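Because the structure is a prediction, the values reported are computed rather than measured.
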Number of protein chains: 2
Amino acid sequence: MFSKTCEYAIRASIFIAAQSYQDKRVTIKDIAENIDSPKSFTAKILQILAKKEIVHSIKGIGGGFEIPKENIKRINLAQIVIAIDGDSIFKSCGLSVNHCCDQHPCPLNKKFKSIRNDLAKMLDSTCLEELVLDVNSGESFLI
Amino acid sequence: MFSKTCEYAIRASIFIAAQSYQDKRVTIKDIAENIDSPKSFTAKILQILAKKEIVHSIKGIGGGFEIPKENIKRINLAQIVIAIDGDSIFKSCGLSVNHCCDQHPCPLNKKFKSIRNDLAKMLDSTCLEELVLDVNSGESFLI
DNA sequence: AAAGAAATATGATTTAAATCATATGAAATA
DNA sequence: TATTTCATATGATTTAAATCATATTTCTTT
C-alpha cells in the first residue's frame, strides 16, 4: 500500500507528536529506537518531513525533533503520505493501464475509484492527535 | 497496491478470458502485445497462472493459452491476486508494525481493516466474466 | 573561542523487483 | 521422422527501493 519510507514517516510522525504532546523533544536515535527503524534511513526521511514543515527540527545540543502542539491537531495522514509517496495512491490506476481515466477506463476503474476514495477520506480525516492519544494511552503501538 | 507482476497477471487473465470467450486461443506474443507488457516477463507470470490452474496452456503449433468458458465465470480477482502476491494485501499491517493484531494493534489497525475488507470484498465478488464483457463491448481497455 | 551534540547532506552499498535473454521440451503437421 | 511453433525453465541483467556510512554544518554550553 504505502512505501516502507512512508510507513516509517507515519510512525515517526506519530511518535514525535506523542512526545511533543508531553512536551518532550526527541532525537533521531530516540525515534529509530522507538519505532524500530534504521537510524540513517530515518534521518533521511525526517529531512523530508522537516522541509515540508510536518516536523520541526532543532540542531545542536538539546536539539531534536518536535511537532508544535497546535499542529498535532492540524496534521493529517494524507499530508504525510503526499509528502513522501506523492498523490499517486489517490489517483493511479489499479492495473497501471496507460492514461486510465473515465474516458478511457481500465476494467477496474470504477471499483478501484470507490476504494481509493474511501482510503483518501480516511487519510484525510485522520489527524495525528487522535493517533497520539491512542498511543499515549497504551491502546495502540508503534513497534 | 498490487505488484507490477500482479497487475500484468490480472490484465493477461482478462485478455485471455476475453479471447477465450470468443473461442480464440492466444500466444504469449499476442498477450504481451495486447496488454503492453514485456514478453519474457509475461511468460514467467503465465507459468505461475498455469500451475495454479487459472489459465490453461497448450504447447506446440496452434497452442497458446486459454481459459475454459465455464471457468471465466468462476475465476475472481482474489484468486489471481493470491496466486501472485499472496494474501498479504488482505492481512498485512498498513504501517508494517511487527505482529500487529487486535491484541497489539498499530494506530491504524481499525481504519485499515475496514478498507482492506472493502478491497477483499471487491476482489472476491469480481469475476473475470464481468470484466471480459466490458472489454469485449469496448467499454474498458487493457492498454 | 572551543568542544560537543545534534541535524544535514551526500554518496555507497545492499536487496528485491522487474526485465531481458537464451536454451530446453513438447506437440502438431508435413 | 524432421521441422516448426509453441510453452517451459533457468539464469543474467537492470532498475529502483531500502539501507548503511560518513563528512559537514549548525547550535549550545562552557
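Side-chain N/O atoms of T27(A) include none lying less than 4.0 angstrom from OP1 or OP2 on dA5(C). Contact annotation: S57(A) side-chain N/O to dA6(C) OP1/OP2 distance is not under 4.0 Å.
With contacts defined as side-chain heavy-atom distances shorter than 4.5 Å, the pair L108(B)/L77(A) qualifies. Counting only heavy atoms from C-beta outward, the side chains of I16(A) and L46(A) approach each other to under 4.5 Å.
Within 4.0 Å (heavy atoms only), K29(A) reaches no atom of the nucleic acid at all.
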Protein N or O to nucleotides 25-30 of chain D N or O, pairs below 3.5 Å:
from    : atom 1 : to     : atom 2 : distance (Å)
dT26(D) : O4'    : K59(A) : NZ     : 3.1

I'd like a list of close polar pairs between nucleotides 10-12 of chain C and the protein, N/O only, cut-off under 3.5 Å.
from    : atom 1 : to     : atom 2 : distance (Å)
dG11(C) : O6     : K44(A) : NZ     : 2.3

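Protein atom CZ of F65(A) is 12 Å distant from nucleotide atom P of dA6(C), rounded to whole Å. Across the protein-nucleic acid pair, K39(A) atom NZ and dA18(D) atom C1' stand 18 Å apart, rounded to whole Å. In this structure, I31(B) atom CD1 and dT8(D) atom P are separated by 10 Å, rounded to whole Å. Summarising the geometry, the separation between CG on D30(B) and C1' on dA7(D) is reported as 13 Å, rounded to the nearest angstrom. For the pair D36(B) CG and dT19(C) P, the computed distance is 10 Å after rounding to whole Å. We find that NE2 of H56(B) is positioned 12 Å from P of dA7(D), with the value rounded to whole Å. Remark: P of dA27(C) and CZ of R25(B) are 13 Å apart, rounded to the nearest angstrom. Residue I48(A) contributes atom CD1, which lies 15 Å from atom C1' of dA7(C) at whole-angstrom precision.
Applying the side-chain contact (heavy atoms from CB on, under 4.5 Å) rule to N117(A) yields the partners K113(A); only residues at least two apart in sequence or on another chain are considered. In this structure D30(A) satisfies the salt bridge (charged side-chain N to carboxylate O under 4.0 Å, His left out) test with no other residue, sequence neighbours excluded. Remark: K52(B) pairs with no residue by the salt bridge (charged side-chain N to carboxylate O under 4.0 Å, His left out) rule, at least two apart or across chains.
Proximity of residues 2-24 of chain A to DNA chain C (heavy atom under 4.0 angstrom from any strand atom) is not detected for any residue.
Using a 4.0 Å cut-off between charged nitrogen and carboxylate oxygen, E130(A) and K73(A) do not count as a salt-bridge pair. At a threshold of 4.0 Å, the pair K29(B)-E33(B) counts as salt-bridged, since one of the basic side-chain nitrogens sits closer than that to a carboxylate oxygen.
Across every non-hydrogen atom of S37(B) and T42(B), the tightest pair is OG-OG1, 2.6 Å.
Side-chain contact, K69(B) with S20(B): no donor N or O sits under 3.5 Å from an acceptor N or O. The closest side-chain donor-acceptor pair between N76(B) and T126(B), if any, does not fall under 3.5 angstrom.
Residue I28(B) has its side chain nearest to dT8(D) when only dA9(C), dT8(C), dT8(D) are considered.
Heavy-atom contacts from other residues, nucleotides or ligands closer than 6.0 Å to OH of Y21(B) number 12 or fewer.
Note that CG of L133(A) is 10.5 Å distant from CG of L128(A), once rounded to the nearest 0.5 Å.
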